[in-house]
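Some notes on the structure that comes next.
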Amino acid sequence: MNKIISPSILSADFMNLKSEIELLNNSAAEWIHIDVMDGVFVPNITFGFPVIKQIREQTNKVLDVHLMITQPERYISEFKKSGADVLTVHYEACTHLHRTVQEIKANGMKAGVSLVPHVSVSLLEDIIEELDLVLIMSVNPGFGGQKFIENSYKKIRQTKEMITSSKSQAIIQVDGGVNDQNASKLFDAGADVLVAGNFVFKSENPSKQILKLMH
Ligand code: DX5
Ligand code: ZN
């Protein structure tokens, strides 16, 4: 079990992004989660390459980019150039997922695939051995601060089983509604990386919140 925390900057103070990144640099978080939304795949729009490039200049942490965009294959090399280390696309957004995953890896990034809450883990059976990461969405993607969906535990366990019964080296990430009430249960169920937005940033002491998620 890895117990990596990936704070989502979606909930950060954008007017003070530099100091928010500095704060994460001095925290126990190993990754930084960056939510890219296009207003089509999800009903919200966030930010793109210039912002990611500037974050890259401020940190050596793993940049974990979660693409909530349609046809993400259009921008793989651009995300690499912007500094992404892990690039996660949505299963529901990719017609030729196998090809997209190969392209992400050929561009020198770790390849992740995410499932929205209603999509069954079993659909990953024929791609699992190619993946570096499976992202289980525990809310409907689009916004921070939503309520955790309890069915996610089952999906984490099923993903773990699929990985251990295959040659897959994939790790499991969970995103949405993560807090100190569910973090240890999520790690116990098989999660390796927990994303947390509101729980980390909407607090007086984000570094302390990150530690709470790890213990
Ligand atoms: C939601 C995003 C999440 C979001 C999580 O669509 O993918 O990464 O920032 O925020 P919280 O932890 O507040 O649910
Ligand atoms: Zn996310």
Side-chain angles (χ1 to χ4, degrees), residues 2 4-10 21 29-42 45-116 119-137 141 155-156 158-160 162-175 190-195:
N2 284 297
I4 293 169
I5 306 300
S6 190
S8 168
I9 56 135
L10 183 61
I21 299 298
E30 290 178 47
W31 291 18
I32 298 178
H33 188 80
I34 299 179
D35 288 304
V36 177
M37 305 187 188
D38 67 355
V40 178
F41 182 70
V42 286
I45 299 176
T46 55
F47 36 73
F49 311 118
V51 174
I52 301 173
K53 278 183 190 148
Q54 293 198 359
I55 294 173
R56 179 76 286 168
E57 286 167 14
Q58 301 298 324
T59 189
N60 293 319
K61 302 271 182 184
V62 171
L63 289 192
D64 161 33
V65 178
H66 176 194
L67 299 185
M68 284 157 277
I69 66 175
T70 59
Q71 297 177 291
E73 64 277 5
R74 293 173 293 168
Y75 299 112
I76 292 170
S77 65
E78 207 56 44
F79 280 108
K80 173 63 184 176
K81 280 188 225 150
S82 302
D85 297 302
V86 181
L87 195 64
T88 298
V89 297
H90 266 267
Y91 175 89
E92 309 82 26
C94 299
T95 307
H96 300 290
L97 183 62
H98 185 276
R99 181 184 291 148
T100 302
V101 164
Q102 304 310 326
E103 282 180 16
I104 293 172
K105 294 196 286 190
N107 274 269
M109 295 175 285
K110 299 281 187 204
V113 170
S114 181
L115 299 176
V116 299
V119 170
S120 169
V121 165
S122 62
L123 291 168
L124 295 180
E125 209 171 5
D126 289 303
I127 189 88
I128 194 74
E129 292 185 6
E130 309 294 327
L131 303 183
D132 297 306
L133 179 147
V134 175
L135 168 52
I136 303 293
M137 283 308 299
K155 292 179 76 174
I156 297 163
Q158 288 172 337
T159 309
K160 189 74 188 174
M162 191 185 288
I163 290 168
T164 44
S165 63
S166 69
K167 289 196 216 97
S168 177
Q169 301 284 311
I171 60 173
I172 302 175
Q173 182 176 47
V174 181
D175 182 7
D192 301 286
V193 186
L194 297 183
V195 176

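All residue numbers refer to positions in the sequence shown, counting from 1.
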Taking the side chain as C-beta and beyond, is there a heavy-atom pair between [X] and [Y] under 4.5 Å?
| X | Y | result |
| --- | --- | --- |
| Tyr75 | Ile69 | yes |
| Phe47 | Ile9 | yes |
| Val121 | Ile136 | yes |
| Val62 | Glu30 | no |
| Asp192 | Leu133 | no |
| Phe41 | Glu92 | yes |
| Leu10 | Met37 | yes |
| Ile104 | Phe79 | no |

**Ser6 vs Asp64, side chain to side chain donor-acceptor pair (under 3.5 Å): CA-CA, chis, key distance, verdict** = CA-CA 8 Å; Ser6 190; Asp64 161 33; 2.7 Å; yes
Ignoring hydrogens and geometry, is there a side-chain-to-backbone donor-acceptor pair from [X] to [Y] under 3.5 Å?
| X | Y | value |
| --- | --- | --- |
| Glu103 | Ile76 | no |
| Gln173 | Val193 | no |
| Lys61 | Ala29 | yes |
| Asp132 | Ala111 | yes |
| Ser166 | Ile163 | yes |
| Ser82 | Ile52 | no |
| Asn107 | Met109 | no |
| Arg74 | Thr70 | yes |
| Thr100 | Glu73 | no |

Atom pair [atom1]/[atom2] of [X] and [Y] - distance to nearest 0.5 Å:
| X | Y | atom1 | atom2 | answer |
| --- | --- | --- | --- | --- |
| Glu130 | Lys167 | CD | NZ | 10.0 Å |
| Arg56 | Gln58 | CZ | CD | 11.0 Å |
| Asn2 | Leu194 | CG | CG | 11.0 Å |
| Leu97 | Asp126 | CG | CG | 11.0 Å |
| Ile32 | Ile55 | CD1 | CD1 | 7.0 Å |

**Message:** With a 6.0 Å cut-off (strictly less than), is the heavy-atom count around NZ of Lys110, excluding the residue itself, greater than 12?
**Reply:** no
**Asked** Would you find more than 12 non-hydrogen atoms of other residues, nucleotides or ligands less than 6.0 Å from Glu78 atom CD?
**Response** yes
So, for [X] and [Y], which heavy atoms are closest and what is the spacing to 0.1 Å?
| X | Y | answer |
| --- | --- | --- |
| Ala93 | Pro72 | O-CD, 3.6 Å |
| Ile172 | Gly190 | CD1-O, 3.6 Å |
| Ser122 | Met162 | CA-CE, 3.8 Å |
| His90 | Met137 | CE1-CG, 3.8 Å |
| Ile156 | Ala191 | CG2-N, 3.7 Å |
| Ser168 | Ala170 | OG-N, 3.1 Å |

**Message:** Could you walk me through whether Asp175 and Asp35 satisfy the side-chain contact (heavy atoms from CB on, under 4.5 Å) test, starting with their C-alpha distance in whole Å, then the side-chain angles of each, then the deciding distance to 0.1 Å, before giving a yes or no?
**Reply:** CA-CA 11 Å; Asp175 182 7; Asp35 288 304; 4.1 Å; yes
**Message:** Would Trp31 and Asp85 count as a side-chain contact (heavy atoms from CB on, under 4.5 Å) here? Give the steps.
**Reply:** CA-CA 10 Å; Trp31 291 18; Asp85 297 302; over 6 Å; no
**Fill in**
Of Leu124, Leu123, Leu135, Thr159, the one forming a side chain to side chain contact (heavy atoms under 4.5 Å, CB included) with Leu115 is Leu124
